[in-house]
Amino acid sequence: MNYIEMKSEIDRLKKEKNAIIIAHYYMRPEVQDVADYIGDSLGLARTAAKTDKQMIVFCGVDFMAETAKILMPDRDVLIPYSRAGCFLADMIIPEELNEYKEEHPNVPVVSYINTTAEIKALSDIICTSSNAVNVVKSLHTKEVIFGPDKNLAQFVADQLPEIKFHIWEGYCQVHERITVQSILEIKKRHPDAAVVVHPECTPQVIRIADFVGSTTKIINYVKDSDKKLFVIGTEIGIAHQIRKKTSGKRIIFPKATPLCYNMKTITLPRVLSALKKDQFKVSVDKKTAEKAKIVIERMLAVS
Ligand code: 13P
Ligand code: SF4
């Protein structure tokens, strides 16, 4: 079966099964092209939370699909590849967080959405790269535990100097590979290029950026800017929607292309198999899910 045949079979099965396909911007272009909705983590969670479809085929990594299942426990949430994980989410486990909480009693925990359901259940609220500053502000606190991404934490802390941040030492390997040097090399050749990066990049990279934001915000910035050339500091999959949504704009990625292998494990044949065989069903332990749901909904209320 070629991609065109696969796409039409996916469309047919989607109707038959009353399914919606939602996809993150880091998906392969051909996977994005079969999706009903493409977005950043916040947009994906919101879309999952309000769909009337019985089946949600989640083209993203496991914490994203888990979030959808927690929000919609009565729906079938499928992930086309059951081992699509996230390096960053693996950088914090419940035992470690519990110990940290004991060391910092009564300090609220803000966890990035890139965490397991267990970590969410142990948190006071979660955030995404799009709403992290507002989420922390909403707590009206003097101190906060923020994890697992140390770069996002620092980015937020810099904007809220009145709050003391206890920062978890996690990071995303894909964004850490984006270096100041690799950006400056491009700037040397194209001094007019705007540097647009994700807050998972290092503070050094963030310091030389013209704009910092979630994947959706990056796309909107490129679309609305008067500039013609952009250095993009996030995963390469975002290029597909930037190219579709903007015309006459050129984008360049830093050397050592930022590529998330986990995201790329979701292929078109696997999306088709997911719909054909109802696989792989996402499940979350009931007690954990109930606690995590409150925490996720707290964030959605802030957003
Ligand atoms: P966004 O929420 O900005 O799409 O980021 C998700 C992510 O995993 C970035 O690495
Ligand atoms: Fe996780 Fe990084 Fe991949 Fe995003 S890019 S899913 S944070 S490993």
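When reading the values below, keep in mind they use all heavy atoms of this one structure, side chains included, and skip hydrogens, waters and symmetry mates. Numbering of ligands and ligand atoms starts at 1, following listing order.
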Review item, side-chain donor-acceptor pairs of residues 51-58, under 3.5 Å, at least two apart:
{"residue": "Thr51", "atom": "OG1", "partner": "Lys53", "partner atom": "N", "Å": "3.1"}
{"residue": "Gln54", "atom": "NE2", "partner": "Asp74", "partner atom": "O", "Å": "3.2"}

Taking only residues two or more places apart in sequence or in another chain, which ones pass side chain to side chain donor-acceptor pair (under 3.5 Å) with Tyr3? Glu30
Which of the ligand 1 atoms, numbered from 1, are nearer than 4.0 Å to a heavy atom of [X]:
{"X": "Tyr26", "answer": "7 (C), 9 (C), 10 (O)"}
{"X": "Ser214", "answer": "3 (O)"}
{"X": "His175", "answer": "10 (O)"}
{"X": "His198", "answer": "1 (P), 3 (O), 5 (O), 9 (C)"}

Please say whether Asn114 places an N or O atom under 3.5 Å from an N or O atom belonging to ligand 1. yes
Taking distance alone, with no angle check, do Thr128 and ligand 1 share an N/O pair under 3.5 Å? no
Return the residue, atom name and 0.1 Å-rounded distance of the protein heavy atom closest to atom 6 (C) of ligand 1.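 That would be Ser41 OG, 3.4 Å.
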Any idea which protein heavy atom is nearest atom 7 (C) of ligand 1, and the distance to it? Glu200 OE2, 3.6 Å
Please verify the inter-ring angle class for His166 with His104; under 30° counts as parallel, over 60° as perpendicular, anything in between as tilted. tilted
Does CD in Gln181 sit with more than 12 non-hydrogen atoms of other residues, nucleotides or ligands closer than 6.0 Å? no
Step through the shown structure and confirm whether more than 12 heavy atoms of other residues, nucleotides or ligands are within 6.0 Å of NZ on Lys245.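 Result for NZ/Lys245: enclosed.
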ring-ring contact (aromatic ring centres under 6.0 Å, His included), that's the test. Do Tyr171 and His175 meet it? Break it down for me. CA-CA 8 Å; Tyr171 59 89; His175 287 84; over 10 Å; no
So is Glu235 touching ligand 1 or not, going by heavy atoms under 4.0 Å? no
So the salt bridge (charged side-chain N to carboxylate O under 4.0 Å, His left out) pairs with at least one residue in residues 105-134 (sequence neighbours excluded) are none
Given Val156, which partner from the list Val133, Asp149, Asn134 fulfils the side-chain contact (heavy atoms from CB on, under 4.5 Å) test? Val133
Pairing of Lys264 and Glu235 as salt bridge, 4.0 angstrom limit: yes
Listing by chain and number, what protein N/O/S atoms are under 2.8 Å from atom 1 (Fe) of ligand 2? Cys86 SG
Just how far is it from atom CG of Asn131 to atom CD1 of Ile126, taken to the nearest 0.5 Å? 8.0 Å
